[in-house]
Number of protein chains: 2
Amino acid sequence: MPEELHRGRPPSIRDVARLAGVSHQTVSRVLNHHPSIRPETKQRVLDVMAELQYKPNRAARALVTSRSHTIGILSASSTWYGPASSIAAIEEAARAAGYWVSTANIESSDARSIADGLAHLAAQGIEGLVVIAPQVRVFDTLAQLSIDVPYVTLQSTGRAPGHALSVDQIAGARMATRHLIDLGHRSIYHLAGPQDWIEAEARMLGFLEEMSARDVPTTAPILGDWTADFGYYAGRELLTVRDFTAIFSSNDQMALGLMHAIRDAGLEIPRDVSIIGFDDIPEAAHFWPPLTTVRQDFAELGRRCVALLLGDLDPAAPDYRGTITPELVVRGTTGAPLF
Amino acid sequence: MPEELHRGRPPSIRDVARLAGVSHQTVSRVLNHHPSIRPETKQRVLDVMAELQYKPNRAARALVTSRSHTIGILSASSTWYGPASSIAAIEEAARAAGYWVSTANIESSDARSIADGLAHLAAQGIEGLVVIAPQVRVFDTLAQLSIDVPYVTLQSTGRAPGHALSVDQIAGARMATRHLIDLGHRSIYHLAGPQDWIEAEARMLGFLEEMSARDVPTTAPILGDWTADFGYYAGRELLTVRDFTAIFSSNDQMALGLMHAIRDAGLEIPRDVSIIGFDDIPEAAHFWPPLTTVRQDFAELGRRCVALLLGDLDPAAPDYRGTITPELVVRGTTGAPLF
DNA sequence: ACGACGGATGTGACCGTGCACATGCCGTGA
DNA sequence: TCACGGCATGTGCACGGTCACATCCGTCGT
């Protein structure tokens, strides 16, 4: 029968040490897998730990080591499938590597709420930062608050070398555009995402590159806000002119809104207008018609994100670097133009 | 010119104290808004803090107070709109109340991954837990791991009184069912969510209650998995029988899959079959036809969730209790049956 | 046979903050 | 005039780990 335990406070290594008949330092060594512990001693300590339901105190450890083992995520629009999938994958990968994840969501992307979010994460002593938000402003704010942690952004245009994940958004956008051109389209609009999102920029760049590489005359992209609602209103506007046969939307939600507007106008997809999206959200296959789009592996993105970050933190971490290639998924919304 | 500072370690209250010519305890009092500090002294301390860019060390504070100020979220399927919206709102509300949020996402809902997730959160010393997952198993696991923190679940059927949020899912489901019955439907199927989700259970309950209240013969609900894919396959199965005129789907994604299957079969919505969903995801208004559904305020849900939790933690926290009533949104997928 | 060496373990300080208690000062009432 | 109480502030310790260093003991080489 073990001697009486203090009620109130959870057991500490000293409690474990006392019951196991060793010093607190030996208990610490067991916790940290120190090599020179006799197996017999180790087992005794482990037994007592189990008996006491001992759990290491994270705060105490963080205090003395100055390491929080926490990764912060700054995210705008975490309610959408893409970001949400990446966040889930980040969390999973981080947890597997022994890290915690703390999130700060920002609603609007004004400087103030970005600063609030970053300050919140910084106050926690995060060791790494993942940015899923309008990035230009975030970096400015990061500098202003003199927060100095390794960071990773989810997308790349080569703007932040070494910090960005090499998912080839540009290649994906070129694939989408090429698909439309190959079908015979020559009047193609691009419905882009918000200006300060790197994803939006990369996809727009890919679109423009492919168009000019194929000598197709280009119109200025329309800047949207990622929502289906915006796609719908943009579609209504565009249809007052009707000088196009295809639209490449920068994400699937806006594509859905476009389709809605086109059908409202009495036109048929893809006979009158072809639509292609980006992301391949799980619902896209069930749109009417099923949406042709470019698939991105958001989960893989998240995993590599963490690997990149941990590469800076723990040199021993596995290296997931390399390019993730998106994939064209042809469904029912694209076809040859009529004339 | 301030005296030389230690490089390497960030400034502590003692550094601030020395430069301000006070004791570390006075600095601590300023930090904690202790009433009896002379305004003049307080200002001097604040000035030094700003000059040094002093940031309180969370680990040290947590160690001595035994409080982590962290709320944990255990979430399955955080990639979907509903949960993701609630999570974002929880994070925002928690942050506003001075709490941090840490998430653990579980992919599969087997006992092992639930236990992993909970252990991960527990190791962090969370003070409260929000559960967005199959709840029955979570509570069992919680007990097994002898984790004892206040918790809140996002939905209620009165199963966990005092811990659940009173969003009236049952009322919402009854509204949806009533709408179909009022239109004249008498052969109505219900496509439910997974069995161990309380949301699914509540909506199913509401469906059954309303059906029996109106003396409409009821068929056994079909248990789905929330996905559009499942909705599609379930729809294909159902259409081999075709003994119904309307389907109430427990969420919008499955409704989308149903609509896809129905159109594939050459039927028209709502002429041949009426469909009603649940949630009102932002895309629902742009489905074809636009989906009739029941709107839930996920963000409000998240906010109240935190309030409920903080009510246990800080008696001074605002009280958001009360019932959130869902709202029927009639769009284009419901109409009177043909015959 | 004896000292050097290394494995196994113990001792004490320290990380940054908050708490309990002590101290000095000033105003006030008997 | 002095004891008392409350305000403003200081002193030292505790929280639960880890780190640097000390100690003990057995083995091995010469």
Side-chain angles (χ1 to χ4, degrees), chain A residues 5-46 48-49 52-70 98 100 122-125 127, chain B residues 5-46 48-49 52-70 98 100 122-125 127:
Chain A
L5 302 171
H6 319 252
R7 292 280 154 208
R9 286 254 172 198
S12 76
I13 49 168
R14 291 180 158 87
D15 297 319
V16 174
R18 190 159 20 85
L19 284 187
V22 296
S23 75
H24 65 101
Q25 177 58 8
T26 300
V27 178
S28 174
R29 289 197 178 97
V30 171
L31 277 177
N32 294 288
H33 307 106
H34 187 98
S36 24
I37 294 267
R38 240 188 321 159
E40 178 193 319
T41 311
K42 180 172 182 173
Q43 192 53 53
R44 192 151 29 101
V45 170
L46 289 174
V48 175
M49 283 180 175
L52 257 49
Q53 293 197 299
Y54 167 79
K55 286 182 189 113
N57 182 315
R58 182 165 103 102
R61 183 174 285 172
L63 177 58
V64 69
T65 58
S66 323
R67 294 206 51 183
S68 66
H69 278 268
T70 299
W100 282 277
Q124 210 166 159
E127 297 183 24
Chain B
L5 302 172
H6 321 250
R7 292 280 156 209
R9 285 256 173 194
S12 76
I13 49 170
R14 287 176 210 274
D15 297 319
V16 174
R18 191 158 18 85
L19 285 185
V22 295
S23 75
H24 68 99
Q25 178 57 9
T26 299
V27 178
S28 174
R29 289 198 178 96
V30 171
L31 278 177
N32 295 287
H33 307 105
H34 188 98
S36 23
I37 294 266
R38 238 189 321 161
E40 179 191 318
T41 312
K42 180 172 183 173
Q43 192 54 51
R44 191 149 31 101
V45 170
L46 288 174
V48 175
M49 281 179 177
L52 258 49
Q53 293 196 298
Y54 167 79
K55 285 182 190 113
N57 182 316
R58 182 165 104 101
R61 185 173 285 174
L63 176 58
V64 70
T65 58
S66 322
R67 295 208 47 183
S68 65
H69 277 266
T70 300
W100 283 278
Q124 212 166 156
E127 296 184 24

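Letters A, B, ... mirror the listed sequences (proteins, then strands); counts begin at 1. Fair warning: this is a prediction, and the values are worked out from it, not measured in the lab.
Residue A/R9 has a polar side-chain atom (N or O) positioned under 4.0 Å from OP1 or OP2 of D/dG16. Between A/R61 and the phosphate of D/dT18, there is a side-chain N or O to OP1/OP2 separation shorter than 4.0 Å. Within the structure, a side-chain polar atom (N or O) of A/T26 is placed less than 4.0 Å from OP1 or OP2 of C/dG10. Side-chain nitrogen and oxygen atoms of A/N32 include at least one within less than 4.0 Å of the OP1 or OP2 phosphate oxygen of D/dT18. For A/T65 and D/dC19, the shortest distance from a side-chain N or O to OP1 or OP2 is not below 4.0 Å.
Among C/dA8, D/dC7, C/dG16, the nucleotide with an atom closest to any side-chain atom of B/A60 is C/dG16. Checking C/dG12, D/dG12, C/dG10 against every side-chain atom of A/S23, the shortest atom distance belongs to C/dG10. When distances run from any side-chain atom of A/V64 to the nucleotides D/dG16, C/dA8, C/dT17, the shortest one goes to D/dG16.
Separating the OH atom in A/Y54 from the CG atom in A/L31 is a distance of 4.5 Å, to the nearest 0.5 Å. How far OG1 of A/T70 is from CZ of B/R58: 6.5 Å, rounded to the nearest 0.5 Å.
In this structure a side-chain-to-backbone donor-acceptor pair under 3.5 Å is missing from B/R14 to B/H24. B/E127 places a side-chain N or O within 3.5 Å of a backbone atom of B/S68 that can act as its donor or acceptor partner.
Judged by closest nucleotide on DNA chain D, B/P39 is the one of B/P39 and B/S66 placed further toward the 5' end.
Within 4.0 Å (heavy atoms only), B/V22 reaches sugar-phosphate atoms of the nucleic acid but no base atom. Counting any heavy atom pair closer than 4.0 Å across all strands shown, A/I13 reaches a base atom. Backbone-only contact: A/T41 has heavy atoms under 4.0 Å from sugar-phosphate atoms and none from a base. Across all strands, A/K55 comes closer than 4.0 Å only to sugar-phosphate atoms, never to a base (heavy-atom distances). Residue A/I37 is classed as a sugar-phosphate contact, given heavy-atom separations below 4.0 Å to backbone atoms only.
Distance CZ (A/R18) to P (D/dG16): 12 Å, rounded to an integer number of Å. Summarising the geometry, the separation between NE2 on B/H24 and C1' on D/dA14 is reported as 12 Å, rounded to the nearest angstrom. Remark: C1' of D/dG17 and CG of B/N57 are 13 Å apart, rounded to the nearest angstrom. Here the C1' atom of nucleotide C/dA20 and the CZ atom of B/R29 are 11 Å apart, to the nearest Å. Residue A/H34 contributes atom NE2, which lies 9 Å from atom P of C/dG7 at whole-angstrom precision. A/R14 places its CZ atom 11 Å from the P atom of D/dT18, with the value rounded to the nearest Å. In this entry the distance linking CG of B/L63 with C1' of D/dC15 reads 4 Å, nearest Å. The distance from atom CD of B/Q25 to atom C1' of D/dA8 is 12 Å, rounded to the nearest whole Å.
Side-chain contact between A/V27 and A/M49: present, with at least one pair of heavy atoms (C-beta onward) separated by less than 4.5 Å.
Residue B/R29 comes nearest to B/I37 through the heavy atom pair CB-CD1, 3.5 Å, listed as atom of the first residue, atom of the second, then distance.
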